[in-house]
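In what follows, every chain begins at residue 1, and chains take the letters A, B, ... in the order their sequences are listed.
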Amino acid sequence: MPQTLRIATWNINSLRLRLPALPRLIEALRPDVICLQETKVPDLLFPAQAPAELGYPHAAWRGMKGYNGVAILSKIPFTANDIAPDWCGRGDCRHLSVLLDLPSGPLELHDFYVPAGGDVPDRVTNPKFAHKLDFVAEATGWFAARAGLRRTVLVGDLNIAPLEHDVWSHRQLLDVVSHTPVETEALTHWLNQGFHDALRHFVPEDRKLYTWWSYRNRDWRASDRGRRLDHVWVSRDLTKALRSYTILKDARDWPQASDHVPVCVELDA
DNA sequence: ATGGTTGAGCGTCAA
């Protein structure tokens, strides 16, 4: 009887503001591990007692003032896995990795928050777009150098919707940051360094699938101009262990909702 | 082409 493991990922867009929403996520998804992005809280101001109070006694965080920030909350013990570089040398708190201490052996977990990239999809005139492409290229190279990836799960807000049906209108978004060919090709190249797209494992590529809806729509559900920016990837050896997925679309209607909704994948671990 | 909204934290900047 294999033990199942549920890993959730959510761009919480301010941990302190949306801490009251975490019990709803937990009730709905019952995750063993929660990976958060855009915590927007410096490490010294992180509510250190909150994870244990929520039933997640093992926690790690990497944050800064105002922007970015990632955190991992876990029911399962883990050890820090500080093996990655300081991406693009910026110290900007976009990645955290741990080794989950499972009965079947350690499982390597990566929580990423990829730069959004600004508004103009041009690396020459827009330094934020250059940073995004450089970040993805550096991450791709780093995983490429670790050939033979196994027992590894990568989650997070990757800020790129790679497939045609990961956006509401492929044609209208080809020039919009998050869905430009240079980004979607770069993300696919990163994925191909030993990973399998766990959400598209369950949902055929010709079906629309979103995890984010802009705040800038009066009725997000009616207009449904979504994008799939949040991802769960597993190393190829874990493909056969995938059991189910949930995109918690209802969370987009929670009070003071994040513009991203939680995503959860269950696998035999 | 533009604007639309939210968060951090008090200027605008980032998304």
Side-chain angles (χ1 to χ4, degrees), chain A residues 9-22 24-25 35-47 50 61-71 87-88 90-95 111-123 125-136 139 155-162 166-169 171-180 182-184 186-187 210-231 248-263:
Chain A
T9 178
W10 190 28
N11 179 320
I12 194 170
N13 189 7
S14 173
L15 174 75
R16 285 174 290 180
L17 185 69
R18 257 173 280 283
L19 205 50
L22 276 177
R24 300 184 70 151
L25 180 156
C35 295
L36 301 171
Q37 303 88 36
E38 280 207 271
T39 54
K40 295 185 177 178
V41 55
D43 286 345
L44 291 175
L45 294 180
F46 191 95
W61 51 84
R62 177 174 291 159
M64 59 191 283
K65 183 176 175 176
Y67 310 106
N68 309 330
V70 283
W87 307 103
C88 301
R90 291 180 180 240
D92 57 2
C93 304
R94 295 179 179 276
H95 175 233
D111 180 10
F112 272 99
Y113 175 55
V114 169
D119 288 331
V120 182
D122 182 330
R123 72 148 56 239
T125 60
N126 175 9
K128 288 188 240 174
F129 194 69
H131 179 210
K132 181 179 199 174
L133 296 180
D134 292 346
F135 187 104
V136 171
V155 307
D157 175 7
L158 306 185
N159 264 319
I160 297 172
D166 291 338
V167 294
W168 63 276
S169 170
R171 187 179 58 80
Q172 287 177 261
L173 287 171
L174 275 172
D175 218 16
V176 173
V177 171
S178 73
H179 194 61
T180 65
V182 65
E183 292 170 89
T184 59
L187 195 73
Y210 314 137
T211 65
W212 172 91
W213 291 262
S214 172
Y215 284 125
R216 304 177 191 184
N217 279 315
R218 212 155 278 294
D219 187 337
W220 70 273
R221 200 184 281 275
S223 57
D224 200 22
R225 296 184 167 189
R227 304 178 202 171
R228 187 170 71 110
L229 303 179
D230 304 275
H231 297 269
L248 196 57
K249 192 172 172 180
D250 288 349
R252 191 62 183 76
D253 274 332
W254 288 350
Q256 283 198 294
S258 170
D259 44 356
H260 297 252
V261 300
V263 173

To the nearest angstrom, how far is [X] atom [atom1] from [N] atom [atom2]?
| X | N | atom1 | atom2 | answer |
| --- | --- | --- | --- | --- |
| Gln256(A) | dT5(B) | CD | C1' | 13 Å |
| Lys132(A) | dA14(B) | NZ | P | 15 Å |
| Arg94(A) | dA14(B) | CZ | C1' | 10 Å |
| Leu17(A) | dG7(B) | CG | P | 5 Å |
| Glu38(A) | dC13(B) | CD | P | 18 Å |
| Leu19(A) | dG7(B) | CG | P | 15 Å |
| Trp212(A) | dG7(B) | CH2 | P | 14 Å |
| Asp119(A) | dC13(B) | CG | C1' | 11 Å |

Reckon Arg225(A) has a side-chain N or O less than 4.0 Å from the OP1 or OP2 of dG4(B)? no
Ignoring backbone atoms, establish whether Arg218(A) has a side-chain N or O less than 4.0 Å from OP1 or OP2 of dG4(B). no
With no hydrogens and no angle check, just 3.5 Å: does a side-chain donor-acceptor pair link Asp253(A) and Trp220(A)? yes
Where the side chain of [X] meets the backbone of [Y], is there a donor-acceptor pair that is under 3.5 Å apart?
| X | Y | answer |
| --- | --- | --- |
| Asp43(A) | Gly63(A) | yes |
| Gln37(A) | Asn11(A) | yes |
| Arg62(A) | His95(A) | yes |

If the [atom1] atom of [N] is compared with that of [M], how far apart are they to the nearest Å?
| N | M | atom1 | result |
| --- | --- | --- | --- |
| dG9(B) | dA14(B) | C1' | 13 Å |
| dT2(B) | dG7(B) | P | 27 Å |
| dC10(B) | dT5(B) | P | 24 Å |
| dA15(B) | dG4(B) | C1' | 13 Å |

Reading DNA chain B from 5' onward, which residue's closest nucleotide shows up sooner: Gly118(A) or Asn217(A)? Asn217(A)
Closest-nucleotide 5' rank along DNA chain B - winner of Asn68(A) and Tyr215(A): Tyr215(A)
Tell me whether the guanidinium CZ or amine NZ of Arg225(A) lies under 6.0 angstrom from the six-membered ring centre of Trp168(A) and within 45° of its axis. yes
Using the 3.5 Å cut-off, write out each protein N or O paired with an N or O of nucleotides 9-11 of chain B and the distance between them.
none

Set of residues satisfying salt bridge (Lys or Arg N to Asp or Glu O under 4.0 Å) with respect to Asp92(A), sequence neighbours excluded: Arg94(A)
Can you classify the ring geometry of Phe135(A) versus Phe112(A) as parallel (below 30°), tilted (30 to 60°) or perpendicular (above 60°)? perpendicular
Side-chain atoms of Lys128(A) come closest, of dC13(B), dT5(B), dA15(B), to dA15(B)
